[in-house]
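A short write-up of the structure that comes next.
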Amino acid sequence: MNLVEFQNVSFAYNKGYASETQALDGVSFSVGEGEFVALVGHNGSGKSTVARLMNGLLEPTDGNVVIDGMETTDRQKLFDIRKTVGVVFQNPDNQMVASIIEDDVAFGPENIGLDPTEIRERVDWALECVGMSEHKKGTPFRLSGGQKQRIAIAGILALKPRVIVLDESTAMLDPVGREEIMNVVEKLNKEEKITVVMITHFMEEALRADRMIVLSGGKVLMDGGRELFERADELTAAGLDLPVAGDVAERLRKDGVDLKAGITEPDELVEALCQLKSRT
């Protein structure tokens, strides 16, 4: 079952004005229930526009965005759409609304009118999911960037969405913070069965998804699994950096080393080089 469908979607900022900018042009893809999809592309490829279209913050100029059977242009369905799709943005500080962590996580459930008992259960569950239960009485402003982003994710989780969209949610974090968030995301997808759409330009993060959609110039350039990394020249032409091991492997291949295409992991590269050495 598809929870997210983009049907020939186009979107232009400042439509009809001299400053009109076409962000998306005929984009079509779907995301099935329980999938972990990475949406990647260079700056200006349309990734963040997709995130805002997914939960009705923007409406398509042309085409349809359908969330669990509901069109985002149907204003009467927006409340249900936004309960179905939760978006976590890049800067966690912009998503904090309270000075106490558990109050911040409770903000969403309170605003949809849940009773206090249900709110308490959801807040405790959400903080447990992101590994931040011990901090619930503290203030978010003393946390690290990775911890703040985990609280932002908990705030979305407390609404119990079926889909979480992470819009460059690791971009402002150091490697330790990025790893924290990726571990949380994988746990939510595998253990809580939440559908995840991760918008990122870090290809190492994209490797951890089930599937990758590549945007370029507002269009879908590629859509598939790990086999896409075999198309290294196309990925780099789209302004994307290969994972470090993949970049090293491609450089060696171009220098005449007999390596297979699509190597992405350090262990995979080491094994391939060892096999080459054993044959010499």
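Since the structure is predicted, the reported quantities are computational estimates derived from the model, not experimental observations.
Within the 4.5 Å cutoff, no side-chain heavy atoms of V65 are placed close to those of L58. Side-chain contact check for L207 versus M203: every heavy-atom pair is 4.5 Å or farther apart. Inter-residue side-chain proximity for V165 and V87 is flagged as met; some heavy-atom pair is nearer than 4.5 Å. Residues S28 and V9 are not in side-chain contact: their nearest non-hydrogen atoms beyond the backbone lie 4.5 Å or more apart. When side chains are defined from C-beta on, L157 counts as touching W125, because their heavy atoms get closer than 4.5 Å. Contact check for K77 versus E71: no side-chain heavy atoms found under the 4.5 Å cut-off. Taking the side chain as every heavy atom from C-beta outward, T200 and M212 never approach each other to under 4.5 Å. Using a 4.5 Å cut-off on side-chain heavy atoms (C-beta onward), K137 and E102 make contact.
Nearest heavy-atom pair across T49 and A23 is OG1-CB, 3.7 Å. The two atoms that bring V88 and A152 nearest to each other are CG1-CB, 4.2 Å, heavy atoms only. The shortest non-hydrogen separation linking P109 to I119 is CB-CG1, 3.8 Å. When all heavy atoms are compared, the tightest approach of P161 to I156 is CD-O, 3.2 Å. Nearest heavy-atom pair, A249 versus L269, reported as atom, atom and distance to 0.1 Å: CB-CD1, 4.0 Å. When all heavy atoms of G34 and D210 are compared, the pair lying nearest together is O-OD2, 4.4 Å.
Residues forming a salt bridge (Lys or Arg N to Asp or Glu O under 4.0 Å) with R75 (at least two apart in sequence, or on another chain): E59. E118 pairs by the salt bridge (Lys or Arg N to Asp or Glu O under 4.0 Å) definition with R122, not counting sequence neighbours. Residues passing the ring pair (Phe, Tyr, Trp, His ring centres under 6.0 Å) test with F229: none are found, sequence neighbours excluded. Legend: residues meeting salt bridge (Lys or Arg N to Asp or Glu O under 4.0 Å) with E192, ordered by chain and number and at least two apart, are absent. Checked against ring pair (Phe, Tyr, Trp, His ring centres under 6.0 Å), F107 has no partners two or more places apart in sequence or in another chain. Under the rule for a ring pair (Phe, Tyr, Trp, His ring centres under 6.0 Å), the partners of Y13 that lie at least two apart in sequence or sit in another chain are F11. Contacts of D62 classified as salt bridge (Lys or Arg N to Asp or Glu O under 4.0 Å), with partners at least two apart in sequence or in another chain: none.
The salt bridge (Lys or Arg N to Asp or Glu O under 4.0 Å) pairs that include a residue from residues 29-40 are E33-R162, E35-R211, where partners are two or more places apart or lie in different chains. Residues in residues 90-100 take part in these salt bridge (Lys or Arg N to Asp or Glu O under 4.0 Å) pairs, two or more places apart or across chains: D93-K148. Among residues at least two apart or in separate chains, side chain to side chain donor-acceptor pair (under 3.5 Å) pairs with a member in residues 232-259 are R231-E234, D233-K254, D247-R251, E250-R253.
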- I181 and R150: CA distance, side-chain angles, deciding distance, side chain to side chain contact (heavy atoms under 4.5 Å, CB included) verdict: CA-CA 7 Å; I181 298 306; R150 284 153 70 183; 3.5 Å; yes

- Starting from the C-alpha separation in whole Å, work towards a yes-or-no answer on side chain to side chain contact (heavy atoms under 4.5 Å, CB included) for I153 and L166. CA-CA 9 Å; I153 292 172; L166 297 111; 3.9 Å; yes

- Evaluate the side chain to side chain contact (heavy atoms under 4.5 Å, CB included) criterion for residues H135 and L127: first the C-alpha distance (whole Å), next the side-chain angles of each, then the deciding distance (0.1 Å), finally the verdict. CA-CA 9 Å; H135 297 279; L127 287 170; over 6 Å; no

- Item | Steps toward side chain to side chain contact (heavy atoms under 4.5 Å, CB included) verdict (K136, V123) | CA-CA 9 Å; K136 65 182 178 182; V123 169; 6.0 Å; no

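L173 and M182 fall within a single hydrophobic cluster, where Ile, Leu, Val, Met, Phe, Trp and Tyr are joined by side-chain heavy atoms under 4.5 Å apart, directly or via other members. The hydrophobic clustering, which links ILVMFWY residues whose side-chain heavy atoms are closer than 4.5 Å, places V85 and F89 together. Under the 4.5 Å side-chain heavy-atom criterion for Ile, Leu, Val, Met, Phe, Trp and Tyr, I164 and L159 are members of the same hydrophobic cluster. Cluster annotation: V27 and V4 are assigned to the same hydrophobic cluster (Ile/Leu/Val/Met/Phe/Trp/Tyr, side-chain heavy-atom contacts under 4.5 Å, transitive). Under the 4.5 Å side-chain contact rule for hydrophobic residues, L228 and V197 do not share a cluster.
Residue F29 forms a side-chain contact (heavy atoms from CB on, under 4.5 Å) with just one option from V37, L215, V50, and that option is V50.
Side chain of K47 to main chain of G41: a donor-acceptor pair is present (N/O by atom type, distance under 3.5 Å, no hydrogens or angles). Remark: the backbone N or O of V130 is not paired with any side-chain donor or acceptor of K187 at under 3.5 angstrom. Between the side chain of N55 and the backbone N or O of G86 there is no donor-acceptor pair closer than 3.5 Å. Checked by atom type and distance alone, the side chain of N189 never pairs as donor or acceptor with a backbone atom of V185 at under 3.5 Å. In this structure a side-chain-to-backbone donor-acceptor pair under 3.5 Å is missing from Q149 to T170. Between the side chain of E205 and the backbone N or O of H201, no donor-acceptor pair lies under 3.5 Å. Side chain of K193 to main chain of K190: a donor-acceptor pair is present (N/O by atom type, distance under 3.5 Å, no hydrogens or angles). Under the 3.5 Å distance criterion, the side-chain polar atoms of E227 are matched with a main-chain donor or acceptor of G225. Within the 3.5 Å criterion, the main-chain N or O of S10 finds no donor-acceptor partner in the side chain of D25.
Taking CD1 of I67 as the start and CE of M54 as the end, the distance is 6.5 Å to the nearest 0.5 Å. Interatomic distance, CZ of R178 versus OG of S169, reported as 13.0 Å (0.5 Å rounding). L78 CG to T73 OG1: the interatomic distance, rounded to the nearest 0.5 Å, is 9.0 Å. Between atom CD of residue Q22 and atom CG of residue N14 there is a gap of 12.0 Å, rounded to the nearest 0.5 Å. Rounding to the nearest 0.5 Å gives a distance of 10.0 Å between CG of D68 and CD of E5. Interatomic distance, CD1 of I213 versus CG of L221, reported as 12.0 Å (0.5 Å rounding).
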For residues 259-267, which side-chain N or O atoms pair as donor and acceptor with protein atoms under 3.5 Å away, sequence neighbours left out?
from	atom 1	to	atom 2	distance (Å)
K260	NZ	E268	OE2	3.4
T264	OG1	R226	NH1	3.0
E265	OE2	R226	NH2	3.2

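Here V66 sits alone; no ILVMFWY side chain lies under 4.5 Å from its own, so it joins no hydrophobic cluster.
The local environment of OH in Y17 is sparse, with at most 12 non-hydrogen atoms from other residues, nucleotides or ligands closer than 6.0 Å.
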